[in-house]
Q: 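Would you mind keeping the following structure in view while I ask a few things?
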Amino acid sequence: MENTIRIHNTLSGKKELLIPIEPGHVKIYVCGITSYDYCHIGHARSTLVFDMVVKYLRHRGYNVTFVRNFTDIDDKIIARAAEQHTTPHELAERFIKEFYTDMDGLGADRPTFEPRATENVQEMIQLIAELVEQGKAYPAGGDVYYAVESFSGYGKLSGRNLEDMRAGARIAVNEQKKNPLDFVLWKQTKPGEPSWESPWGPGRPGWHIECSAMSRKYLGETFDIHGGGQDLIFPHHENEIAQSEGANHKPFANMWIHHGFVTIKDEKMSKSLGNFLTIRDVREHYDPEVLRFFVFSTQYRNPLDFSETALKEASSGLERLYHTAADCDALASRPVSKTGKSAINDKVWQRMKTLENRFLEAMDNDFNTAQAQGIFFDTSKSLGKALRSLPETPLASDVQKIGDCMDKMRKLATVMGLLQEDPAIWLKARESERAAGIKISKEEIETKIKERLAARIAKDWAKSDEIRDHLLHLGIVLKDNANSTTWSPK
RNA sequence: GGCGACGUGGCCAAGUGGUUAAGGCAACGGUCUGCAAAACCGUUAUUCAUCGGUUCGACUCCGAUCGUCGCCUCCA
């Protein structure tokens, strides 16, 4: 197959053509969550971005092996478990379950493999032993550290060098380390903590080693893509490279994909700043597709500023696409004529025909979902024009053209998890959401509408408008149709 | 302090050496309507933070300046 996808590789700082090691098969590893709390929308972005990447690669015909780990043992988990009078294992498992509830609810596919750190400790011990043997790591007082100076490529991912880092080091000096930047591979056990036997005594793995060990186990020593949030570039991914390449003497990941943060008021959303919203906070008020639409409204490397306004805009935008879908669906029941001249303008038809190519071009260019969404809107507009130009009894082939184009758009939108619902049902659901804040009963509204209808029949426009304004004040918008009046929340 | 990213219309956001600078939201105008709403259609940046430079030509490349954010400590 032909490789056409270009990806921004953090390692080179450039867009590069994705050329899988094994033709047609992409192997990708993504750093998952540390499981000790509910996921926030930054985690949602991460999951959705890589879900989109994998879906697109598959859409393009690649076989994809996708590995994403769970960090289920670490300082924060141990501390939180102690606070909650439970075990680290129980706590981690509980929040893995919650992770699934959230991410399944957002429509993310499960990865091929989802290894947990605690299930791969032997593989980590093996890798550490190899590093010790090769003089790249050293035991000290029950811990084992990686000697950063032993790896000449240290800093190549994050664009740093050891001297600069040393000068600006904010790391507390640890007497046991040969270099303050050396990082721990194995931590000596402390009383009451989970521990595993090892050649260096009982203890538990450091954070970075799990990804090196698990990626090697599931994907091999060299694989195609490694991904994660921008905050993982240093030190986490830098250290993974040091560990893996230090032990294997082979390139680790060929390409590195790092997505931007979700921000609030232009500040990074994070646990330590306390400015985070959980996925379920957001799900209380917004449909999962709205959240997906929002996430994909900007290219994955840019920051994404979260706000109520931004979500509302996303909702309005997606609604527009669903309206088009509903209009196209309604066309299917219209009587058609078999012969005649196409009513669809040639330029409009050209736009409809080129939808797929334009979409693929945008997505091939470093997964430019923002541009892809623009193409959906452009197509939506073309479909609107086509629909409007149809006569009472449209030509069967015109109906076919419009239906096919809409089907194609739906199929392409699957990559972003959009337009997957029945339009009529989806649009109705948005209306019900808006109805949540209304302070007047349905019966009262119906009564008012009947009153107004009487006024309208009597052509008492003043009274008719007064009733309408009154309801509008209460958040009810009236829509007069040919022979009925419907209402919907504002 | 070191390293990195970014600065495009009221807001969000594509484009990234060369015909008219995508698209969304909002606003405004039109169709429709008793008037509206909804929907649909249309309009809205001689200009891309600022100042220099390279070039026949730059929003796009280079340099400087200003501003915003991030990493350097756990973090998606």
Side-chain angles (χ1 to χ4, degrees), chain A residues 10 13 30-34 36 39-50 71 74-76 79 155 158-161 163-172 181 207 227-236 238 258-263 265-273 276 293-294 297-299 301-305 307 309-310 312-321 323-324 326-327 358 362 365 368-381 384-385 387-388 456 459-462 464-465 468-469 471-472 476-482 485-488 490:
Chain A
T10 311
V30 172
C31 292
I33 58 156
T34 298
Y36 73 107
C39 287
H40 58 62
I41 50 183
H43 297 116
R45 186 182 196 188
S46 180
T47 303
L48 293 178
V49 161
F50 289 108
T71 299
D74 108 308
D75 291 350
K76 291 188 298 294
S158 54
R160 295 150 205 257
N161 63 63
E163 279 118 76
D164 287 348
M165 282 191 274
R166 211 163 182 167
R170 287 200 265 155
I171 306 157
L181 293 159
W207 175 37
Q230 259 163 15
D231 48 359
L232 297 183
I233 295 172
F234 190 89
H236 187 51
E238 196 68 71
H258 291 99
H259 66 261
F261 303 126
V262 176
T263 60
K265 295 195 172 76
D266 292 323
E267 262 191 335
K268 181 184 172 185
M269 180 180 292
S270 72
K271 293 270 164 90
S272 47
L273 287 171
F276 63 91
F293 184 93
F294 168 67
S297 66
T298 189
Q299 209 267 350
R301 282 188 291 128
N302 296 339
L304 177 66
D305 201 48
S307 69
T309 316
K312 287 216 170 84
E313 282 181 10
S315 189
S316 303
L318 185 55
E319 240 177 272
R320 189 190 181 79
L321 295 179
H323 268 294
T324 302
D327 290 349
R358 288 184 291 145
N365 183 14
N368 197 333
T369 54
Q371 192 171 23
Q373 284 188 353
I375 291 160
F376 288 160
F377 281 108
D378 182 81
T379 305
S380 171
K381 194 176 277 187
K385 283 182 184 171
L387 283 165
R388 215 172 49 112
R456 293 186 71 214
K459 295 201 190 294
D460 183 353
W461 307 127
S464 165
D465 291 352
R468 186 173 61 199
D469 291 347
L471 287 173
L472 182 65
I476 305 295
V477 181
L478 297 186
K479 296 172 197 171
D480 294 331
N481 304 309
T485 296
T486 59
W487 63 275
S488 66
K490 197 174 168 181

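Chain naming here is simple, since letters A, B, ... match the order of the sequence lines and numbering starts at 1 in each.
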Q: Distance check needed: rC74(B) C1' versus H43(A) NE2, whole Å only.
A: 11 Å
Q: Mind checking the P distance from rC74(B) to rA13(B)? Whole angstroms is fine.
A: 30 Å
Q: Taking any heavy-atom pair under 4.0 Å as a contact, classify G228(A): base, sugar-phosphate, or nothing.
A: sugar-phosphate
Q: Heavy atoms under 4.0 Å, any strand shown: does H236(A) hit a base, just sugar-phosphate, or nothing?
A: nothing
Q: What's the shortest heavy-atom distance between C31(A) and L232(A), and which atoms?
A: CB-CD1, 3.6 Å
Q: Write down the distance between CG (D74(A)) and C1' (rU73(B)), rounded to a whole number of angstrom.
A: 14 Å
Q: Not counting sequence neighbours, which residues clear side chain to side chain contact (heavy atoms under 4.5 Å, CB included) with A79(A)? List them please.
A: none
Q: Looking for any heavy atom pair under 4.0 Å, which part of the strands does G374(A) touch: base, sugar-phosphate only, or nothing?
A: base
Q: Using atom P of each nucleotide, how far apart are rU43(B) and rG23(B) to the nearest Å?
A: 10 Å
Q: Mind checking if D266(A) touches a base, just sugar-phosphate, or nothing, with heavy atoms under 4.0 Å?
A: sugar-phosphate
Q: Would you classify S464(A) as touching base, sugar-phosphate or nothing, given that sugar-phosphate means primed atoms plus P, OP1 and OP2, and contacts are heavy atoms under 4.0 Å?
A: base
Q: Assuming nearest nucleotide by heavy-atom distance, tell me which of R468(A) and D378(A) is located more 5' along RNA chain B.
A: D378(A)
Q: Please report, rounded to the nearest Å, how far the P atom of rC71(B) is from the CG atom of L232(A).
A: 11 Å
Q: Give a yes/no on whether any side-chain N or O of K268(A) is located under 4.0 angstrom from OP1 or OP2 of rC71(B).
A: yes
Q: Using the side chain to side chain donor-acceptor pair (under 3.5 Å) criterion, which residues pair with D75(A)? Sequence neighbours excluded.
A: K187(A), R204(A)
Q: Using side chain to side chain donor-acceptor pair (under 3.5 Å) as the criterion, list what pairs up with D378(A), not counting sequence neighbours.
A: R351(A), R358(A)
Q: Any protein N or O atoms within reach of nucleotides 38-43 of chain B? Criterion: under 3.5 Å, listing atom names and distances.
A:
residue: rC41(B); atom: OP1; partner: K381(A); partner atom: O; Å: 3.3
residue: rG42(B); atom: OP1; partner: K385(A); partner atom: NZ; Å: 3.0

Q: Can you check the distance between rG15(B) and rG7(B), where both ends of the measurement are the C1' atom (answer in whole Å)?
A: 16 Å
Q: When the C1' atoms of rA21(B) and rC35(B) are considered, how many whole Å apart are they?
A: 40 Å
Q: With sequence neighbours left out, what residues match S316(A) under side chain to side chain contact (heavy atoms under 4.5 Å, CB included)?
A: none
Q: Nearest 0.5 angstrom please: T486(A) OG1 to D480(A) CG, how far?
A: 8.0 Å
Q: Which whole-number value in Å describes the distance from K312(A) NZ to rG24(B) C1'?
A: 17 Å
Q: Give F261(A) one of three labels, base, sugar-phosphate or nothing, depending on what nucleic acid heavy atoms sit under 4.0 Å from its own.
A: base
Q: Taking only the C1' atom of each, what is the distance from rG9(B) to rG2(B) in whole angstrom?
A: 37 Å
Q: What is the nucleic acid contact for H259(A), judged by heavy atoms within less than 4.0 Å: base, sugar-phosphate only, or nothing?
A: base
Q: Which value, in whole Å, describes the distance between the P atoms of nucleotides rU60(B) and rU16(B)?
A: 13 Å
Q: Can you name the ring pair (Phe, Tyr, Trp, His ring centres under 6.0 Å) partners of F376(A), sequence neighbours left out?
A: F359(A)
Q: Regarding I233(A), tell me which of base, sugar-phosphate or nothing describes its non-hydrogen contacts under 4.0 Å with the strands shown.
A: nothing
Q: Checking S315(A) now: which residues fulfil side chain to side chain contact (heavy atoms under 4.5 Å, CB included) with it, not counting sequence neighbours?
A: V290(A), E319(A), R430(A)
Q: My understanding is that only residues two or more places apart in sequence, or in another chain, count here; which of them pass side chain to side chain contact (heavy atoms under 4.5 Å, CB included) with N368(A)?
A: Q299(A), A370(A), Q371(A)
Q: List in chain and number order the residues that pass side chain to side chain donor-acceptor pair (under 3.5 Å) with R45(A), two or more places apart in sequence or in another chain; answer none if no residue qualifies.
A: none
Q: Treat a base pair as Watson-Crick or G-U wobble with both distances under 3.5 Å, then lay out RNA chain B in dot-bracket form, 5' to 3', with | for cross-strand pairs.
A: (((((((..(((.....[....))).(((((.......))))).....(((((..]....))))))))))))....
Q: With a non-hydrogen cut-off below 4.0 angstrom, is G32(A) in contact with a base, only sugar-phosphate, or nothing?
A: sugar-phosphate
Q: For residues F50(A) and G228(A), report the shortest heavy-atom separation together with the two atoms involved.
A: CZ-N, 3.3 Å
Q: Measure from the side-chain N and O atoms of S464(A) to the backbone N and O of D460(A), and report whether any donor-acceptor pair falls under 3.5 Å.
A: no
Q: Just the rounded figure in Å: distance from P of rG24(B) to CD1 of I375(A).
A: 13 Å
Q: When the C1' atoms of rC66(B) and rC51(B) are considered, how many whole Å apart are they?
A: 10 Å
Q: What is the distance, rounded to the nearest whole Å, between atom CZ of F293(A) and atom P of rG23(B)?
A: 14 Å
Q: D74(A): which residues meet the side chain to side chain donor-acceptor pair (under 3.5 Å) condition with it, sequence neighbours left out?
A: K76(A)
Q: Taking only nitrogen or oxygen atoms into account, show me every contact under 3.5 Å that the protein makes with nucleotides 12-19 of chain B, one pair per line with its distance.
A:
residue: rA13(B); atom: O3'; partner: T298(A); partner atom: OG1; Å: 3.2
residue: rA14(B); atom: OP1; partner: T298(A); partner atom: OG1; Å: 2.9
residue: rA14(B); atom: OP1; partner: Q299(A); partner atom: N; Å: 2.7
residue: rA14(B); atom: OP1; partner: N302(A); partner atom: ND2; Å: 2.9
residue: rA14(B); atom: O3'; partner: N368(A); partner atom: ND2; Å: 2.6
residue: rG15(B); atom: OP1; partner: N368(A); partner atom: ND2; Å: 2.5

Q: Rounded to whole angstroms, how far apart are CZ on R456(A) and P on rG34(B)?
A: 7 Å
Q: Out of curiosity, F276(A) CZ to I41(A) CD1, how far, rounded to the nearest 0.5 Å?
A: 11.0 Å
Q: Which value, in whole Å, describes the distance between the P atoms of nucleotides rA64(B) and rG4(B)?
A: 12 Å
Q: Any N or O donor-acceptor pair under 3.5 Å from the base of rC35(B) to the side chain of D480(A)?
A: yes
Q: With a non-hydrogen cut-off below 4.0 angstrom, is V262(A) in contact with a base, only sugar-phosphate, or nothing?
A: base
Q: Without decimals, in angstroms, what is the distance between D465(A) CG and rU33(B) P?
A: 17 Å
